[in-house]
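Below is one structure, written out as structure tokens, with a few remarks after it.
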Number of protein chains: 2
Amino acid sequence: MITNRLRELREQQLRITSDSTQWTQEELAVRVGVSRQTIIAIEKGTYNPSLELAFKLANLFDVKIEEIFTYMGEANG
Amino acid sequence: MITNRLRELREQQLRITSDSTQWTQEELAVRVGVSRQTIIAIEKGTYNPSLELAFKLANLFDVKIEEIFTYMGEANG
DNA sequence: ACTTTACGTAAAGTTTACTTTACATAAAAA
DNA sequence: TTTTTATGTAAAGTAAACTTTACGTAAAGT
């Protein structure tokens, strides 16, 4: 299982950037080259991003993958 | 495009560990919970691992994801 | 010689990531 | 008050990751 701080990081940017239009789900999606639905699904935890998308998001927020995504070990079952 | 040093890291272990049976493609596959074909495909660059598999591999080799996988930017086309 | 071990290829099938479309709601802006 | 903006849900379709099976080869072990 992998958890993520995508929404948290995005909302952080919304606060500090003041130009709020730059950090909507829609804008984020465009900037990393996916659909808005994909951003929603990842923020919600419906599924994990691909490794490539994880890299793009990390680059955009200027952090390492490990600062957005945390591997919690095997799921139960 | 994402490049990886999986084969390189695995062969490094083969050299230093001396117990060579621990670092075959088959054993590596078992240890991260995928099939041998998946390891072959990733070493060869046929496709990228999922984020989860990338984490498992990084954990096994005791390195960060960025030390195995390198994001090279957008593919041409 | 022959058997086992490690690596490789190929191909069909399943699951997961992602897209597209459509429609709903609440808040902000006109 | 009506329109626009941002977020959300749902569902059907496509693409990428991964499995399973099967077979080929070369080197090492017996």
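Letters go in sequence order (proteins before strands), and every chain restarts at 1. Note that this is a predicted model, so its numbers are computed, not measured. Quick note: numbers below take in every heavy atom, side chains included, and nothing from hydrogens, waters or symmetry partners.
For the 3.5 Å distance criterion, the side chains of Gln25(A) and Glu43(A) qualify, holding a donor opposite an acceptor.
Computed from coordinates, the Glu27(B) CD to dC7(C) P distance equals 11 Å when rounded to whole Å. Between the CD atom of Gln37(A) and the C1' atom of dG8(D) there is a distance of 8 Å, rounded to whole Å. Between Arg36(A) atom CZ and dT20(C) atom P there is a gap of 13 Å when expressed in whole angstrom units. The distance between atom CD of Glu26(A) and atom P of dT5(D), rounded to the nearest whole Å, is 11 Å. At whole-Å resolution of the value, CG in Leu53(B) and C1' in dA17(D) are 9 Å apart. Here the P atom of nucleotide dT9(D) and the CD1 atom of Ile40(A) are 7 Å apart, to the nearest Å. As rounded to whole Å, 14 Å separates atom P of dA17(D) from atom OH of Tyr47(A). In this structure, Glu52(B) atom CD and dA17(C) atom C1' are separated by 13 Å, rounded to whole Å.
Contact between the side-chain N/O atoms of Arg7(B) and the OP1/OP2 oxygens of dG8(C) is found at a separation under 4.0 Å.
When heavy atoms are screened at a 4.0 angstrom cut-off, Thr24(B) is found touching the sugar-phosphate backbone but no base atom. Using a 4.0 Å heavy-atom cutoff across all strands shown, Thr38(B) reaches at least one base atom of the nucleic acid.
Positionally, the nearest nucleotide of DNA chain C for Gln25(B) lies more toward the 5' end than for the other of Gln25(B) and Ser50(B). The 5' end of DNA chain C is approached more closely, in terms of each residue's nearest nucleotide, by Arg10(B) than by the other of Val34(A) and Arg10(B).
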_Asp19(A) vs Thr17(A), test: side-chain hydrogen bond (donor to acceptor under 3.5 Å, both in side chains). Steps then yes/no._
CA-CA 5 Å; Asp19(A) 178 6; Thr17(A) 310; over 6 Å; no
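Classification of Glu27(A) and Arg36(A) as a salt-bridged pair fails, no side-chain N sitting under 4.0 Å from a carboxylate O.
The side chain of Lys44(B) lies closest to dT9(C) when the candidates are dA17(D), dT19(C), dT9(C). Comparing dT7(D), dA17(C), dT19(D) by their closest approach to the side chain of Asn48(A) singles out dA17(C).
Judged by Watson-Crick or G-U wobble contacts below 3.5 Å, the nucleotide dT30(D) has dA1(C) as its partner.
Closest approach of Thr3(A) and Met72(A) over heavy atoms only: CG2-CG, 3.7 Å.
Side-chain contact between Glu66(A) and Glu66(B) is present, with at least one heavy-atom pair separated by less than 4.5 Å.
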